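Step one of this worksheet: look at the structure below.
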Amino acid sequence: MNLSSRGTTWACPSLVGLLLTVGLAGSLEPLPVGPDVAWAAKKGGSTPRKEPELKIIDVSIRPVPYAPQQGDLEFGITVDLPPDVERAALLEVTALISSPSRSSLRFLSYRHSIEPLLGIAGIEGRAAQKTGATDKKARAPRVRITLTWDGTDHTKQAVSPGTYHYELRAKVIGKGDNTPRTLTVSWPKRGTLAVK
């Protein structure tokens, strides 16, 4: 909460109240706070993060609306890999599907070696070079992944009709000393889908 007095912005009224109670402020007015401190307090003290090179570019869902008794639902997910991605690494794409009450959940996962995916993506890269595309996005390997949902929840029961939320994430996993290690994670892609 910010306080304004004679055109000056004040932050942290609880701290000011403490200073007034202890008697350190010397007056009944709150102490002024500089613009950097006020901005940090408003933003929660965090600075904007740089977008990762691994990105979920596009999501297509079919059929819409979805009726579980008529077959599976497909998430078509387009992912841009980092230009310098390790060929021996794995690409993992996951989807969490949940009802508004969170009583019905389903987790879908795709994990595959990147090397064969780069062979397919290399065709798109060569096509971009022939057309004269030179920007970084054109050089990034782009792959298409499909996740399939059968309309059941975590207990394998058919879900009820309604609006469901989904959250998609992509991750590149490399070899660690003893266990796999995460190299990079995309920002999540969220949305809703209708179940009839």
Side-chain angles (χ1 to χ4, degrees), residues 46-66 68 70-99 102 104-156 159 163-195:
S46 64
T47 57
R49 293 184 305 155
K50 181 182 174 188
E51 185 176 10
E53 290 184 319
L54 177 65
K55 300 177 183 121
I56 297 175
I57 300 300
D58 182 57
V59 179
S60 62
I61 302 172
R62 69 178 87 166
V64 175
Y66 172 54
Q70 295 178 357
D72 294 340
L73 177 133
E74 289 186 353
F75 290 94
I77 305 159
T78 304
V79 178
D80 270 1
L81 298 171
D84 57 348
V85 68
E86 292 182 14
R87 298 183 74 84
L90 300 172
L91 173 65
E92 181 181 83
V93 181
T94 59
L96 177 65
I97 304 166
S98 61
S99 62
R102 294 275 184 178
S104 177
L105 301 170
R106 185 64 190 270
F107 185 77
L108 309 174
S109 179
Y110 167 97
R111 186 182 279 195
H112 201 280
S113 174
I114 285 179
E115 188 161 12
L117 296 175
L118 286 177
I120 297 168
I123 297 169
E124 289 185 19
R126 287 193 294 275
Q129 287 176 347
K130 287 180 183 176
T131 59
T134 57
D135 62 46
K136 188 174 181 180
K137 288 185 180 178
R139 290 194 306 268
R142 180 169 287 183
V143 296
R144 183 104 172 141
I145 306 299
T146 302
L147 288 175
T148 304
W149 181 40
D150 62 3
T152 62
D153 64 11
H154 57 289
T155 64
K156 297 295 185 182
V159 298
T163 300
Y164 286 74
H165 301 274
Y166 66 83
E167 179 176 299
L168 305 172
R169 288 183 188 267
K171 183 187 296 186
V172 173
I173 302 169
K175 292 182 178 177
D177 294 334
N178 297 318
T179 58
R181 62 188 173 90
T182 300
L183 302 177
T184 184
V185 179
S186 71
W187 284 352
K189 201 72 127 174
R190 298 181 179 96
T192 59
L193 59 96
V195 176

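The structure displayed is predicted, hence computed values, not measured ones. Each residue takes its place number in the sequence, starting with 1.
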Over all heavy atoms of both residues, which pair between S186 and P52 is shortest? Give the atoms and the distance, please. CA-CG, 4.0 Å
Below 4.5 Å, heavy atoms only, C-beta onward: do L54 and L81 meet side chain to side chain? yes
For W149 and R106, work out which heavy atoms get closest and say how close. NE1-CG, 3.6 Å
Would you kindly say whether R142 and T78 are connected by a side-chain donor-acceptor distance under 3.5 Å? no
Looking at H154 and L105, would you say the former's side chain and the latter's main chain have a donor-acceptor pair under 3.5 Å? yes
When every non-hydrogen atom of G174 is compared with those of A89, the smallest separation belongs to CA-CB, 4.4 Å
Might you point out which heavy atoms bring T192 and Y166 nearest each other, and give the distance in Å? N-CE2, 3.5 Å
Taking every non-hydrogen atom, the tightest pair across I61 and V64: O-CG2, 3.1 Å
Write down the atom of L117, the atom of L91, and the distance for their closest heavy-atom approach. CD1-CD2, 3.9 Å
Hey, what do you get for CD1 (I97) to NE2 (H165), rounding to the nearest 0.5 Å? 12.5 Å
For S104 and S99, indicate whether the former's side chain and the latter's backbone hold a donor-acceptor pair under 3.5 Å. no
Working for side-chain contact (heavy atoms from CB on, under 4.5 Å), residues E53 and D84: CA-CA 10 Å; E53 290 184 319; D84 57 348; 3.9 Å; yes
CD1 (I56) and CG (D80) are apart, to the nearest 0.5 Å, by 11.0 Å
Which of T148, I145, L193 passes side chain to side chain contact (heavy atoms under 4.5 Å, CB included) with F75? It is L193
Contacts table for residues 107-114: side-chain donor-acceptor under 3.5 angstrom, sequence neighbours left out:
from, atom 1, to, atom 2, distance (Å)
R111, NE, E92, OE2, 3.1
R111, NH2, E92, OE2, 2.6

Evaluate the side-chain proximity of T184 to P82: yes if any heavy-atom separation is below 4.5 Å, no if none is. yes
How long is the straight-line distance from CG of L73 back to CD of Q70, given to the nearest 0.5 Å? 12.0 Å
Is any side-chain heavy atom of P188 closer than 4.5 Å to a side-chain heavy atom of R169? yes
Close aromatic pair by centroid cut-off 6.0 Å: Y164 and Y66: no
